[in-house]
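Comments concern the structure below.
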Number of protein chains: 2
Amino acid sequence: MRGNLFAVAVDLVVLTVRDAELCALLVRRDAPPFAGRWGLPGGFVLPNEDLLETATRRLGEETGLEFGGHHLEQLASYAAPDRDPRGRVLTVGHIAIVPRPPEPIAGADAAGTAWHPIAKLVDGAAADALLAFDHGRILADGVERAQSKLEYTTLAASFCPPEFTVTQLRRVYEAVWRRTLDPRNFQRKVTSTPGFLEPTDTRVTGVRGRPAQLYRRGPATALHPPMLRGEN
Amino acid sequence: MRGNLFAVAVDLVVLTVRDAELCALLVRRDAPPFAGRWGLPGGFVLPNEDLLETATRRLGEETGLEFGGHHLEQLASYAAPDRDPRGRVLTVGHIAIVPRPPEPIAGADAAGTAWHPIAKLVDGAAADALLAFDHGRILADGVERAQSKLEYTTLAASFCPPEFTVTQLRRVYEAVWRRTLDPRNFQRKVTSTPGFLEPTDTRVTGVRGRPAQLYRRGPATALHPPMLRGEN
DNA sequence: GCAAAAGTGTTCTCGGTACACCCATGG
DNA sequence: CCATGGGTGTACCGAGAACACTTTTGC
């Protein structure tokens, strides 16, 4: 059974929406291999950890947001023999969704940590030149997963603070799908799905226009029927 | 970087449809741990293999169907610290779909290899008592993946031989979803989806009733709009 | 009052469901 | 001719798309 052993790591595609753009958290590498390039946050799995425990721990360490409650799920594993020049390393990609965090990432243990709009990382051919290892592919897979999960789950609420308006929720869909949605049909769709949104007794104040109802996320996780992206 | 190393294995959820039932390929273990129980086929990743290569190789060795062309995709990774009493083993689950194979599994390298209806493995509490390691969970995840992929892809055709009738295809959906479908609406749905089915110039002969058109699978992989399972 | 944003009502259309009905073969 | 399964036509209904219109605030 012995003979071919692997180091096992966890990599995180941490997504948020800032200024109507889907962004991923990247860390600048200051040691070889790929020194100077950007990479996904991650780390090795410790002897008594399960994969999700490693991912949870690293997410707290990288974002400074210690408390749990963020959406975190496994994405896929990557183990090409030559993906790491130091030796045989298998990495288990994960996807994490966080509400828009405070600008300087407080408490993060890595200095060179920053949010990057994914548009420039996934569309352009610049991705592979900019990112270390196969992180460009992992990132692309994570974005695709997030896009498709918005269709048939209530995952979008994970991008929002505890209380939010329908418009904030719509901005999440628009940023992740990179398209616009009809505000009126969107409103009906999400408010008429049982368990998606629970109204609070407060409304947004201080903005121009009619004040919007504030909602909390409800208990539902699935969306029946799904909200399809369409062909754009 | 060294210090916590893993053995890395691949496990296969090999699915087929036999006698209107979804079945999985299981191997009887004759060595500890879990000697005497059934387990998923699988094996360790060799030094220069990527995960899909290991899975492809093991699928050929277990089913005796050497030629490729079967649907094979990664499912998820499992790495609980105590999942294997021999030490730290991470396994990458895969799902494989094969047409109904000849009854005795010719060329398979394991003698105790047999098809088991998944109904008894997933529904009953017998699953964890019958299966080795965490293979009950991997199997359940694989079945769930297959069920949901029938909704929005043309994966069902992978369960069929190269040429098949609409009824054969419907039997696949009915076996995997464990429900019945209206034959007439199903017919229209699949024949009107561009690229799903390509008619051949032959028809089925020798059966009672009107002879059915034979189809080959077309180039389409996605199903727009999806065919939803409904709530049953 | 006017601009802006929230939220409702209405119409059209498309796809799913249910089911009546016709077609083509074996016995 | 009749049973059996293949395949088409059609009516109904629910949901999405498009958009007119009302509501409620800031300025």
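Just so it is clear, the structure is predicted and the values come from calculations on it, not from any experiment. Convention: sequence-line order gives letters A, B, ...; per-chain numbering from 1.
Using a 4.0 Å cut-off between a side-chain N of Lys or Arg and a carboxylate O of Asp or Glu, B/Arg58 and B/Asp11 do not qualify as a salt bridge. The pair A/Asp19-A/Arg171 fails the salt-bridge criterion, with no side-chain N (NZ, NE, NH1 or NH2) lying under 4.0 Å from an Asp/Glu carboxylate O. A salt bridge does not link A/Arg57 with A/Glu53: every distance from a Lys NZ or Arg NE/NH1/NH2 to an Asp or Glu carboxylate oxygen is 4.0 Å or more.
Straight-line distance from the OH atom of A/Tyr152 to the C1' atom of D/dA15: 21 Å, rounded to whole Å. Following rounding to the nearest Å, A/Asp182 (CG) and D/dA18 (P) show an atom-to-atom distance of 8 Å. Protein atom NE2 of A/His224 is 18 Å distant from nucleotide atom P of D/dG14, rounded to whole Å. One atom, CE of B/Met227, and another, P of C/dC14, lie 21 Å apart when rounded to the nearest Å. Residue A/Phe186 contributes atom CZ, which lies 19 Å from atom C1' of D/dC19 at whole-angstrom precision. For the pair B/Gln213 CD and D/dG6 P, the interatomic distance rounds to 13 Å; values are reported in whole Å. Rounding to whole angstrom units, CG of residue A/Leu223 and C1' of D/dA15 are separated by 13 Å. In this structure, A/Leu228 places its CG atom 13 Å from C1' of C/dC14, rounding to the nearest Å.
In this structure, the nucleotide among C/dG7, D/dA17, C/dA24 sitting nearest to the side chain of B/Pro211 is C/dA24. Counting only heavy atoms from C-beta on, B/Arg210 has its side chain closest to C/dA24 among C/dC19, C/dA24, D/dC19. In the set D/dC19, C/dA4, C/dA6, C/dA6 carries the atom at the smallest distance from any side-chain atom of A/Ala212. Distances were taken from every side-chain heavy atom of B/Arg188 (C-beta onward) to each of C/dT10, D/dT23, D/dT10; the shortest belongs to D/dT10. Residue A/Gln187 has its side chain nearest to C/dG7 when only C/dG7, D/dT24, C/dC19 are considered. Counting only heavy atoms from C-beta on, A/Arg208 has its side chain closest to D/dG26 among D/dT4, D/dT25, D/dG26.
The residue among B/Tyr215 and A/Pro226 whose nearest nucleotide of DNA chain D lies closer to the 5′ end is B/Tyr215. The nearest heavy atom of DNA chain C to B/Arg203 and to A/Arg170 marks one nucleotide each, and the one closer to the 5' end goes with A/Arg170.
Ring centroid separation for the pair A/Phe186 and A/Tyr173 comes in under the 6.0 Å cut-off.
Within the 4.0 Å cut-off from OP1 or OP2 of C/dG15, not a single side-chain nitrogen or oxygen of B/Lys189 is found.
Across all strands, B/Thr167 comes closer than 4.0 Å only to sugar-phosphate atoms, never to a base (heavy-atom distances). As judged by a 4.0 angstrom heavy-atom cut-off over every strand, A/Pro225 is placed among residues touching the sugar-phosphate backbone only.
The OG1 atom of A/Thr113 lies 5.5 Å from the CD atom of A/Glu62; values are rounded to the nearest 0.5 Å.
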